[in-house]
Amino acid sequence: AGMRQCEATSTWRASATRARISRPRRRSLPPHRPPGSGPRPMPTARAHLDRLAHLADANAAEVRRVVAGLRDAQLLWSPAPARWSIATCLEHLIATGAAYHPRIAAALAAAPRDPAHAEAAWRPSWFGRLFVRYAGPETRSTRVRTRGAFLPPPARADAPARLLAQQGELGALLADAVGADLRAIRITSPIARLLSLRLGEVLEVLVVHQQRHLLQADEVRRDPAFPR
């Protein structure tokens, strides 16, 4: 059982790593491509949503793995007064989803659907790409102050069950977004009215942000002082 758990953790961590937005690298020579291969095609909007749905399912599985077998006291334990417990990490993700999901649902309810949108190339803006990276696991070494609607409430031991229920909402939003224009629809931040991202970018932010804090929750469980 311990070996299977380690394998599941390794698989999810690899998935979280692959989900990160890659930054352009400086090259002395352009990368080799076979003659006639042409430029690398951009993923379609449908492929983008399919990928996010797969990652969201993997995040749900990681929630179950991290909290498996834990008592309430273990879920609520924190390594230090200023650090979050496993339950607090999950409460933050619940708060983030609660702030964003209604905005996304309202935008989708008002948006027309066109099969051509699903097959159109998906390309994030430069700012959207930067924001996805900022919200995801790649920048976990950078401390970010949590504000406003994203602040976690006092942690409760039922946070895992509530987050998993909310994950069903995210899956429904990803399914409903097929055929919508992921680039034209914009979602305003719940805490900054002047900040808005494309729908396809916001959905990715939610998924990679989960990866960021699930890694944090896993680190709490692996802390040497974690109660056994």
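FYI, side chains are in, hydrogens and waters are out, and symmetry mates aren't considered; it's all heavy atoms of this structure.
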I want to check something: taking the side chain as every heavy atom from C-beta on, are [X] and [Y] in contact at a cut-off of under 4.5 Å?
X: H54; Y: D57; answer: no
X: V220; Y: W77; answer: yes
X: D223; Y: R83; answer: yes
X: V205; Y: Y100; answer: no
X: I86; Y: F226; answer: yes
X: E201; Y: W122; answer: yes
X: T96; Y: L206; answer: yes
X: R156; Y: L90; answer: no

Can you give me the closest heavy-atom contact between [X] and [Y], atom names plus distance?
X: A118; Y: G179; value: CB-N, 4.0 Å
X: S78; Y: S85; value: CB-N, 3.9 Å
X: L170; Y: L203; value: CD1-CD2, 4.5 Å
X: C89; Y: A217; value: SG-N, 4.0 Å
X: R65; Y: D218; value: NH2-OD1, 2.7 Å
X: R193; Y: T188; value: O-CG2, 3.4 Å

Is L76 reachable from V67 through a run of hydrophobic residues whose side-chain heavy atoms are each under 4.5 Å from the next? no
Honestly curious: do W84 and L215 fall in one hydrophobic cluster under the side-chain, below-4.5 Å linking rule? no
Give a yes or no on whether the backbone of [Y] and the side-chain of [X] come within a donor-acceptor separation of less than 3.5 Å.
X: Q166; Y: I94; result: yes
X: R198; Y: R123; result: yes
X: D176; Y: A105; result: no
X: Q74; Y: P227; result: yes

As a quick check of understanding, evaluate side-chain contact (heavy atoms from CB on, under 4.5 Å) for L70 and R221, giving each step before the final call. CA-CA 9 Å; L70 295 185; R221 179 164 184 164; 3.6 Å; yes
As an exercise, state the distance from [atom1] of [X] to [atom2] of [Y], rounded to the nearest 0.5 Å.
X: L195; Y: R186; atom1: CG; atom2: CZ; value: 9.0 Å
X: D114; Y: D181; atom1: CG; atom2: CG; value: 9.0 Å
X: L197; Y: S189; atom1: CG; atom2: OG; value: 8.0 Å
X: E204; Y: F131; atom1: CD; atom2: CZ; value: 12.5 Å
X: L182; Y: L52; atom1: CG; atom2: CG; value: 9.0 Å
X: T88; Y: L151; atom1: OG1; atom2: CG; value: 11.5 Å

Sole candidate of Q211, Q210, Q216 that passes side-chain hydrogen bond (donor to acceptor under 3.5 Å, both in side chains) when paired with H213: Q216
Taking atom CZ of R162 as the centre, report whether more than 12 heavy atoms of other residues, nucleotides or ligands fall under 6.0 Å from it. yes
Take H92 and H209 through the side-chain contact (heavy atoms from CB on, under 4.5 Å) test and state the conclusion after the steps. CA-CA 10 Å; H92 170 60; H209 185 65; 2.9 Å; yes
